[in-house]
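Read the structure below first, then the notes.
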There are 2 protein chains.
Amino acid sequence: MKFIHTADWHLGKLVHGLYMTEDQRFMLKQFMELVEKEKPDAVIIAGDLYDRSIPPTDAVNLLDEVLYFINVELNTPILAISGNHDSAERLSFGSSWYQKNQFYLNGKIENSFSPVSLAGVNFFLVPYCEPVVVRKMLEDDTILNHHDAMKAIIGNLENNLQVNEPNVLIGHSFVLGGKTSDSERILSVGGSGCVGAELFEPFSYTALGHLHSPDAINHQTVKYSGSLMKYSFSEARQKKSVSIIEMDEKGNFTQKYHALTPQKDMRELEGHLEELLDVNFYQQQKVEDYLKITLLDEGAILDPIQKLRQVYPNVLHLERKIENKDRKEKSILQVQKEIQQNELELFASFYEEMTTASFSEEKKDWMASVINQVLREEGQK
Amino acid sequence: MKFIHTADWHLGKLVHGLYMTEDQRFMLKQFMELVEKEKPDAVIIAGDLYDRSIPPTDAVNLLDEVLYFINVELNTPILAISGNHDSAERLSFGSSWYQKNQFYLNGKIENSFSPVSLAGVNFFLVPYCEPVVVRKMLEDDTILNHHDAMKAIIGNLENNLQVNEPNVLIGHSFVLGGKTSDSERILSVGGSGCVGAELFEPFSYTALGHLHSPDAINHQTVKYSGSLMKYSFSEARQKKSVSIIEMDEKGNFTQKYHALTPQKDMRELEGHLEELLDVNFYQQQKVEDYLKITLLDEGAILDPIQKLRQVYPNVLHLERKIENKDRKEKSILQVQKEIQQNELELFASFYEEMTTASFSEEKKDWMASVINQVLREEGQK
């Protein structure tokens, strides 16, 4: 049995005010080619097909095209669940028809308990679901969080596990051990959004979505595929890929990563303005990439974003290193302390904040003499 | 060939702030029973399946259930188009899969030109479409309005008409001769939203949606089925039904109306408050109906809607007959005229407006004497 595991397509996503739909189309084209070449027995999409419950219509059209190509034209079964970004109801419309062509799309937790069997492997499709919904459905008041909910779901499907065949769970959860990135919605505070990896012990493979890095968890059988592409600068250093799994009849498997190449990469660039605008420098760069630029310059700079965009049209975020550091670290206590500073110290703080340069001893001496002179003149009045 | 023609379900519609979904479910239950009993060769839904491009999720679930029952469980082909209230893109998602089970859902005008052939009849599915879209697609700058657009579409599909078999067009348009009601969105001013019925001459039957009354047009072969149920008080006197058509191989047909009975009717009630609240009167009434009540009482009444709702819980609209008439007819010219009226006339207008009773000669004489007395006292000051 060979299957491809992907997740977190987030079609229709806006990143820094830009729709990613054309970039997503570019990635999905490669994905379709991969499916055509690999001829897997199934494609798994582990949730967050869309970025929101009501996606823009071109994202709707894109998903329709891609799934049609894979499922109908290539005749490849699809196993998909809704994630926390999808509207389970809207996404599930028509799923009874899709099923007739081995496109299994599950948005309803009550359909998680009986598996879809393909080529000797049993797939349990567990969509993202709020704990309160599971508590109500199973009439179990002890379910308080995502871990409890997943435990109860797995407990309820255990009777349907095939002992002589591999079982695979498809889920969309924050499984403990994972590293998060900015673009994953933080679901709850204090760890109640987390699910312990040990719950998935009965499964030969657990195909997860939700966290965007394939490295988010380090586990033998519990795996994230990672998102289709980078969706925030906190993911800039992640390698995006899909997983190709070949599983034998005992559930042993090999995993191969297949990287997808973005039309425009999302990455961070750091330097002085002059250097970044130097033709010798930017000739070596893919200037069309989506960039977060951190300027190292001291002192005031007039409209740096306009200057940078003449070379790098897709600068999405600009920051200045020291300035930013200062701002982040400023607490109320510090502000109060500033008020107590004498004039010279106040000016020094102000100077450093405005220019990002340090207020040297030389500058300090010069400024002290200016302040003294002003104070003397004040006293003569 | 037997088919059932319906249209304008408007699932998810809000009427006077109330969601109609449960009422729609009640109607559609009867419709499903009818399809089960009649065993037609096809069911036609001529647009406006939803009331808006993003319907509430329970409307999405309802449509899914109903179409699944008809198409998959009863194995009845469905021919449906998107109307002006639907989002063609959102509704069309998955239509390539549906088609494999003879559920033909067309939201794209470019798919209108080749027919779906069922039981010896050729159906052309023409979704609602803005003239500018047709103009662009056909690269024809002479297309300025809906009539031009429909003419061009029919001109383009004429080559695909089967001369020895009946041809049926399914459309969603305001065809000339129709009577409108409040709940149909007025599309454009000056008749440019209208389409001449003569265009449909090549078709043995034209199955229309858009106007909500089956009587909206009086034509031999061009027919509205009417909406699923009443959606405004202007439709209160319409009889709602679906049409059962039996067509022979020459395209001759018989039409049978099948009425659907609402859970709560939508109707108008007129009378004096005391009479409407009289137990002998309301015992004869279906008090749960959706009501527009017109009160005939003169004079001020304290909070009549609260009193009425104790008996008629679903009063959606209350008006008072004369008051309303006066307000509607008042123009700026009339207001200016009022300012010029002398005191007696002013008071008479005020009296009529506040009480809805006429200012009789007797009342006028009495008021004239009061005014005279006041004016005399004023003069003595």
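Quick caveat, the model's predicted, so the values are computed rather than measured. Quick note on labels: first sequence line is chain A, next is B, and so on, each numbered from 1.
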key: Proximity breakdown for B:V72 and chain A, heavy-atom pairs closer than 4.5 Å   = side chain
key: Whether over 12 other heavy atoms sit under 6.0 Å from B:E139 CD   = no
key: Part of B:S87 within contact of chain A (heavy atom distance under 4.5 Å)   = side chain
query = Are more than 12 heavy atoms from other residues, nucleotides or ligands located less than 6.0 Å from atom NZ of A:K108?
reply = no
remark   = Rounded to the nearest 0.5 Å, the OG atom of B:S95 sits from the CG atom of A:D64 at a distance of 6.0 Å
remark   = So, the part of B:N71 with a heavy atom under 4.5 Å from chain A: the answer is side chain
query = Say you draw a straight line from CH2 of B:W97 to OH of A:Y98; how long is it, rounded to the nearest 0.5 Å?
reply = 6.5 Å
ask   = What residue in B:P55, B:S92, B:S53 has the most heavy-atom pairs under 4.5 Å with chain A?
value = B:P55
request  = Using the side-chain contact (heavy atoms from CB on, under 4.5 Å) rule, pick out the option among A:N61, A:L63, A:T57 that qualifies with B:F93.
outcome  = A:L63
task = Supply the atom-to-atom distance A:I54 CD1 to B:R90 CZ, rounded to the nearest 0.5 angstrom.
result = 7.0 Å
